[in-house]
Amino acid sequence: MRVIEQLNNSRNTAFSFEILPPLKGNSIHKVYSVIDKLREFDPKYINITSHHSEFIYKTLPDGTYQRVNIRKRPGSVAIASAIQNKYGITAVPHIICKGFTKDETEYALIDLNFLGVYDLLLLRGDTKTLDPNQDKSQYHTYATELQEQVNNFNKGVAVDGSTFEANETPFSYGMACYPEKHEEAPNMESDVYYAKMKVENGADYLVTQMFFDNEKYYAFVDRCRKEGITVPIIPGIKPIVFKNQLTVLPKIFRSDIPEPLAAGLRTCKTDSDAKSIGIEWCKEQCRDLIAHNVPSLHFYTFMAVDSVWQVAKEVY
Ligand code: FAD
């Protein structure tokens, strides 16, 4: 069943989560072990992140450097299909436009269609480690341009403008939004304007960047509703696991850590202390979100699978 149908049909707050493909060379069983652990909470859908190639400099024996292009976490399309076949759970691969040419995206859409994976999350993708010399004309700049490509694909129009018989089963998709504003957006008005554009052009739902202060999420949802965005806005949740996330998460994801949580983390001597505080905070956050009848709690599980399990055990 499509994600949007799952959300519309679910009377209670659904459980869902995001996984990363294993590092290149590792077995898919790493992914299965995460799903096996979290399966008891009846996930309605599972997202699989997508990662572009990065240029890195390898030191050679003679002390010189070699510039190499590597994709550290390949396999999102194959993993999505494997999850659906093995577990019968809707898989949602992330399709990103940075680092993937429009042609590569088209081939991924063809593969996904053949594999029976029809739900996507459309994103721009991280840009921090992108090759600055890439030919920009081959890549989309914004997620809305990728969205246009997917909409065209659904209508049977290819990237080069040629036409083909439209697929019987079109893709449906969600897109990203930012309760605390995307780092590059000049202001919240502008960010909400583009979120609205995503919905007007066909996004069935929006998923938020992680946040730790529910009031920011509620204020953001109110603002979106006033702007006429009526689709589900799914909260993205991550329990803090490491002491250093106190400074790392605001830096990478621009998510504020509320002072009571920050104060607790400052007193931690070990990561294990931080993990306990992160779990307790996350439980409270989730209970409050469920009390507010949010459509789904969408957990970011990277390095946090055990914490997510402990939170879900309490709140579901
Ligand atoms: P966009 O919607 O393109 O927005 C980027 C910026 O441009 C924003 O400031 C926005 O306000 C502005 N903007 C949007 N549209 C336009 C337009 N048409 N014209 C001008 N300005 C515009 N990254 C990965 O690499 N892989 C992943 O798998 C991944 N999964 C994610 C999942 C979720 C739920 C979220 C919230 C983020 C994820 N990210 C992932 C990170 C994401 O790629 C980054 O946050 C990225 O910087 C922005 O992505 P976006 O889709 O929101 O971009």
Side-chain angles (χ1 to χ4, degrees), residues 3 16-22 31 45-54 71-77 79-80 91-100 104-105 108 112 119-131 136 139-151 173-212 216-217 220 223-224 227 229 231-238 249-255 294-302:
V3 170
S16 63
F17 60 92
E18 172 191 284
I19 49 164
L20 271 65
V31 168
Y45 56 97
I46 299 173
N47 281 48
I48 305 101
T49 59
S50 186
H51 303 261
H52 63 70
S53 306
E54 304 171 27
R71 184 163 295 170
K72 288 184 186 161
R73 294 181 184 274
S76 306
V77 166
I79 291 171
V92 186
H94 295 186
I95 303 289
I96 60 173
C97 44
K98 288 293 176 194
F100 288 85
E104 283 169 334
T105 297
L112 286 163
D119 277 270
L120 312 170
L121 193 73
L122 304 183
L123 301 140
R124 185 187 70 175
D126 283 331
T127 53
K128 291 172 192 96
T129 49
L130 267 183
D131 173 17
K136 295 201 170 47
Y139 301 86
H140 295 299
T141 305
Y142 297 109
T144 44
E145 295 167 11
L146 170 65
Q147 175 179 31
E148 194 182 351
Q149 180 177 354
V150 174
N151 288 345
Y173 54 83
M175 296 182 81
C177 66
Y178 301 82
E180 295 175 70
K181 188 181 89 58
H182 184 262
E183 60 184 299
E184 293 157 34
N187 52 53
M188 193 53 122
E189 284 78 5
S190 165
D191 219 17
V192 171
Y193 172 85
Y194 289 116
K196 188 173 180 192
M197 184 187 278
K198 292 173 179 180
V199 173
E200 285 174 344
N201 292 341
D204 285 331
Y205 59 93
L206 298 171
V207 188
T208 75
Q209 182 57 278
M210 68 182 71
F211 59 88
F212 299 92
K216 295 200 167 158
Y217 167 80
F220 176 74
R223 184 166 202 156
C224 289
E227 293 298 328
I229 299 173
V231 296
I233 300 177
I234 298 170
I237 302 295
K238 186 173 179 80
L249 295 181
K251 192 169 162 201
I252 299 182
F253 298 105
R254 311 287 156 165
S255 314
V294 296
S296 169
L297 293 176
H298 187 63
F299 287 93
Y300 296 112
T301 65
F302 183 54

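When a ligand or atom number is given, it counts from 1 through the structure's own listing order.
The CG atom of Leu297 sits 6.0 Å away from atom CD1 of Ile237, with the distance rounded to the nearest 0.5 Å. In this structure, CZ on Phe220 lies 8.0 Å from OG1 on Thr208, to the nearest 0.5 angstrom. Atom-to-atom distance recorded for Tyr217:OH and Glu180:CD is 13.5 Å, nearest 0.5 angstrom. To the nearest 0.5 Å, the span separating CD on Gln209 from CG on Leu249 amounts to 9.5 Å. Put simply, CG on Leu123 and NZ on Lys198 are 7.5 Å apart, with the number rounded to the nearest 0.5 Å. Here the CZ atom belonging to Phe253 is positioned 9.0 Å from the CZ atom belonging to Phe212, to the nearest 0.5 angstrom.
Side chain to side chain, Tyr173 and Asn151 meet the donor-acceptor criterion of an N or O pair below 3.5 Å.
By heavy-atom distance, the residue among Cys177, Ala195, Gly125 lying nearest atom 43 (O) of ligand 1 is Gly125.
Nearest non-hydrogen protein atom to atom 39 (N) of ligand 1 is Leu123 CD2, 4.2 Å. Shortest contact from atom 6 (C) of ligand 1 to any protein heavy atom: His182 ND1, 3.6 Å. For atom 44 (C) of ligand 1, the closest non-hydrogen atom on the protein side is Tyr178 OH, 3.6 Å. Ranking the protein heavy atoms by distance from atom 28 (O) of ligand 1 puts His94 ND1, 2.8 Å first. When hydrogens are left out, the protein atom nearest atom 12 (C) of ligand 1 is Tyr194 CD1, 4.0 Å; that is the closest non-hydrogen contact. The protein atom (non-hydrogen) at minimum distance from atom 26 (N) of ligand 1 is Ser50 O, 2.8 Å. Closest protein heavy atom to atom 3 (O) of ligand 1: Ala143 N, 2.9 Å. In terms of protein heavy-atom proximity, atom 25 (O) of ligand 1 is closest to Asp126 N, 3.0 Å.
Under a 4.0 Å criterion applied to the non-hydrogen atoms of Lys198, ligand 1 contributes the atoms 2 (O), 52 (O). Close contacts between ligand 1 and Ala185 involve ligand atoms 9 (O), 11 (O) [criterion: under 4.0 Å to a heavy atom]. Near Thr49, meaning under 4.0 Å from any of its heavy atoms, are these atoms of ligand 1: 28 (O). Taking a cut-off of under 4.0 Å to the non-hydrogen atoms of Asp191, the atoms of ligand 1 that pass are 8 (C), 9 (O), 10 (C), 11 (O). Interface of Thr144 with ligand 1, defined as ligand atoms under 4.0 Å from a residue heavy atom, comprises 15 (N), 17 (C), 18 (N). The atoms of ligand 1 that sit less than 4.0 Å from any heavy atom of Gln209 are 36 (C).
Contacts with ligand 1 closer than 4.0 Å are made by heavy atoms of both the backbone and the side chain of Tyr142. For Arg124, heavy-atom contacts with ligand 1 shorter than 4.0 Å involve the backbone as well as the side chain. Only side-chain heavy atoms of Tyr300 come within less than 4.0 Å of ligand 1; its backbone N, CA, C and O stay farther off. With a heavy-atom cut-off of 4.0 Å, Ile96 touches ligand 1 through its side chain alone. Neither the backbone nor the side chain of His52 has a heavy atom within less than 4.0 Å of ligand 1.
Of the N or O atoms in Glu184, none lie within a sub-3.5 Å distance of an N or O in ligand 1. Looking at Glu18 next to ligand 1, no N or O pair under 3.5 Å apart turns up. The N/O atoms of Val207, backbone and side chain alike, include none that comes under 3.5 Å of an N/O atom in ligand 1.
Partners of Tyr45 under the ring pair (Phe, Tyr, Trp, His ring centres under 6.0 Å) rule, at least two apart in sequence or in another chain, are His298.
Within the 3.5 Å criterion, the main-chain N or O of Met210 finds a donor-acceptor partner in the side chain of Ser255. A side-chain donor-acceptor contact under 3.5 Å links His52 to the backbone of Asp126. Side chain of Asp119 to main chain of Val3: a donor-acceptor pair is present (N/O by atom type, distance under 3.5 Å, no hydrogens or angles). In this structure, Asp191 contributes its side chain and His182 its backbone to a donor-acceptor pair below 3.5 Å.
Taking a 6.0 Å sphere around CD of Glu148, one finds it holds 12 or fewer heavy atoms contributed by other residues, nucleotides or ligands. More than 12 heavy-atom neighbours from other residues, nucleotides or ligands sit within 6.0 angstrom of NZ on Lys216.
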